[in-house]
Amino acid sequence: MQSHYDPQTIELKWQKFWEDQKLFAAKEDSKKEKYYCLEMLPYPSGRIHMGHVRNYTIGDVVARFKRMQGLNVLHPMGWDAFGLPAENAAIKNKIHPAKWTYENIDTMRTQLKRMGFSYDWEREFATCDPEYYRWEQFLFIKMFEKGLAYRKEKLLNWCEGCQTVLANEQVEQGKCWRCSTPVMQKPMEQWFFKITDYAEELLKDIDGKLQGWPERVRTMQKEWIGKSEGASIRFKIENVESAIEVFTTRPDTLYGVTFMSLACEHPLLMKLAKMGGREKEVRKFVEKTLKMERMKRLTGEYEKEGEFTGSYCLHPVTGEKLPVYAANFVLMDYGTGAVMAVPAHDERDFAFAKKYKLPIKEMEPDLNAIDIIEKQGVGNKTIQFKLKDWCLSRQRYWGAPIPILYCDACGTVPVPEKDLPVKLPIDVPFTGEGGSPLSKDKNFMDVKCPSCGKKARRETDTMDTFVESSWYLLRYCSPKYEKGMVDPKAVHYWMPINQYIGGIEHAVGHLIYCRFFTKVMRDLGMIKLDEPVKNLLTQGMVCLGGSAMSKSKGNVVDPDEIINHYGADTARIFILFAAPPEKDLEWNDEAVEGMYRFLNRVWRLVVETKQSSAEMKNEEADRWKNKTIKRVTEDIEKFQFNTALSGLMEYLNSGAVDLETFVILLSPFAPHLAEELWERLGHKKSLLLEPWPKWDEKMLVASTMTIVVQVNGKLRGEMELPVNADEEAIKKQALGLEKVKSYVGDRQIVKMIYVSKKLVNIVVRDS
RNA sequence: GCCCGGGUGGUGGAAUGGUUUACACACAGGACUUAAAAUCCUGCGGGCCUAAACAGCCCUUGCCGGUUCGAGUCCGGCCCCGGGCACCA
């Protein structure tokens, strides 16, 4: 047995031991309380980075801690394996996306195992596995049948040069990333999930059921859903049987309306311009606006302008004539694309009115206006959401195929369930040009229509990878289940997730989509669950030199370097100690060294002294032990791993260490070292089977206490007294202190404050 | 503009209204060593006083005020940093 701390040897030894013993395999057991601890699954980009290390170390501490507390812990890991980078690698390096992905998974799995994370590897899956995405296709069909998956037109980034659709990240300064052709907006039929049907419930449950989520994330989701209550009101157009419908949150300002503003894309705009004899001017304005919009709409800063259509609409109550304008600040994709302008109450309308010399009508808001409108049948109360339906189709190869066929006779036909999965063909050409590689695969494309038997063709779009990550958390409960997406019994036992841990960047994307999917699956009768995640922790970034570690900035520290140099335990401890989990963490090589030194001190203490707890029985040692158990336990529960480790350091420095207790308390943080030391202390069974220690409140109290003495709130002395000293005696002794006397002098003592077992404050007044 | 966080030593960071600066890093001095590394010990917010040390005093949690016997912590106002939302009708 080596006498110095050699992390390389002991870490591999214990990793193998854990794997052989299958100590992290989770089994349903209705007699045991369960705990589902999950970290967001990684995209297999190539190698593990420090962000992963941080995320998964936090999760691992929680999982190991809960396991030792006797809970039945589910702690799985898998791979978010579809996505654009694999396809880019295919185009660039002539390597198949599947090969690239699976090789990366192998590398990263090895790296995760080297960190000693306590995953149930038997539940591992990659989302690009047809056995996984078949169920996603199954769900898609169910959603299609319920009208929750539908098609509509949407503008997409289109490169004429490559004849292909580009993702936003493939557009660089308005140009194609590959061929630099200017990117145009082209309307195309896309698949959408009707998440807006669930807007109200998604919003309501934030307050009702997500109490365990950070306030920050809850607020972001509320803003994303963006509910506003108001009214929709129809304004008749003068001389025609047609009306402009507006949405307003202020129907009470209806009598202040002096004109109407329409978005450039509004379907009635050109008709009104033609009628008003201002077609040319309006067309020019629209063209100018749409061109400018592309550049500036993202930044938002531009002059508010408009153009008169020459036409008028009529006020629904007073019948007044109101000029209709095209305006560049009105958005077609919010509300109705038309705004009733109330310059007296809206800053923007006011500025617009000034600019175009439109009337400004002062008035008192009238809360009855909405009732009048409803009575007259020209409008009604409505609710608007900012949340938009989820566009899930991608014109990419490396994704789950959308299980739809197009038949000339029958139209859009879902693939029958028995024909699932629609497998992604492997042998296809990757050029990056001419649309999806799938469209060039005849075997894939040509199918028979399942309802009429005639020739049909397949949908070539694949699904957004957020679809896979929206239900993987449920699939982990029964990863090999073959009769459906999930085994209801397993889901009933394991869900909801007790603790979910991941980056804040998923606050509105992933974390809303997985809530949506849970509700959809519930409504399809697959599960009985409203919300998938009970408690959420969002960890901060890992930075170096003040900014997030990233390949493009060249400021990355490779976890393997740290593991090879100091071992996984040091990496884990450093990342936990350097900052509380929610905050960004600044990498510091010297501090890593410091953590390594700490583990070495622990090693030497245990290996060299080997004193057992029985030999160290005195009051001081007992107090330290109980104090530390309490502190570490409570700090882990609050995710304050940095202070939990401080507690262990202080305990180590105290010189009154109970070795067994110390090693157990250290084990969630530095599990390999802890197992090794546990064994060296003479234990035959794994430390993992050891229950988490409990503390005794009675043992926390010392026989003496330190009382701080203040005069007028300022520290003037200290006294060491037996804990049972009574208040009167303490006050008397405080007054007797030389230093206190000199501060009190002959001044009048107004009162004395005694804070039990802590301090005495003598309040004096100049006489 | 609106809504959240946050501002504490040279640095990362601790502090149920009760000794500000735990723990660690860095730095400095010392011990051990032929020497170095490792290890161990000591010191380490600022200022005043002092030849220096000891002792002592004063100040200090972004700034200004308030509440309180007592404020990093609570309240009001302001400044700065970070994040989210934002022509949303």
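All values below come from the heavy atoms of this structure, side chains included, with hydrogens, waters and symmetry mates left out. Numbered from 1 within each chain, the chains take letters A, B, ... in sequence-line order.
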* Structure fact -> Taking every heavy atom of A:A369 against every heavy atom of A:Y255, the minimum-distance pair comes out as CB-CE1, 4.2 Å
* Asked: Any side-chain N or O of A:R348 under 4.0 Å from OP1/OP2 of B:C88?
  -> yes
* To do: Provide the distance between the two P atoms, one in B:A22 and one in B:G29, to the nearest whole Å.
  => 22 Å
* When we call it a touch if two heavy atoms are under 4.0 Å apart, what does A:E586 touch: a base, just sugar-phosphate, or nothing? -> nothing
* Asked: What is the base-pairing partner of B:G82, counting Watson-Crick and G-U wobble geometry with both distances under 3.5 Å?
  -> B:C4
* To do: Please check the phosphate of B:C23 (OP1 and OP2 only) for any side-chain N or O of A:R597 closer than 4.0 Å.
  => no
* Asked: Between atom CD in A:E215 and atom P in B:G83, what is the gap in whole Å?
  -> 20 Å
* Rounded distance in Å - CG (A:L645) to P (B:A22) -> 17 Å
* To do: Go through the N and O atoms of the side chain of A:E582 and the base of B:G5, and report whether any donor-acceptor pair is under 3.5 Å.
  => no
* To do: With a 3.5 angstrom cut-off on both distances, give the Watson-Crick or G-U wobble partner of B:U19, or none if there isn't one.
  => none
* Asked: When you check the side-chain N and O atoms of A:Q211 and A:W213, is any donor under 3.5 Å from an acceptor?
  -> no
* **Watson-Crick or G-U counterpart of B:A89, or none if no pair lies under 3.5 Å** => none
* To do: Could you tell me how the ring of A:F662 sits relative to the ring of A:Y651: parallel (under 30°), tilted (30 to 60°) or perpendicular (over 60°)?
  => tilted
* Under a 3.5 Å cut-off for both distances, is B:A37 Watson-Crick or wobble paired, and to whom? -> none
* Structure fact -> When every non-hydrogen atom of A:R250 is compared with those of A:M340, the smallest separation belongs to O-CE, 3.7 Å
* To do: Return no unless some side-chain N or O of A:K758 is found under 4.0 Å from OP1 or OP2 of B:U19.
  => no
* Asked: Taking N and O atoms by type only, does the side chain of A:K714 place a donor or acceptor under 3.5 Å from a partner on the base of B:U19?
  -> no
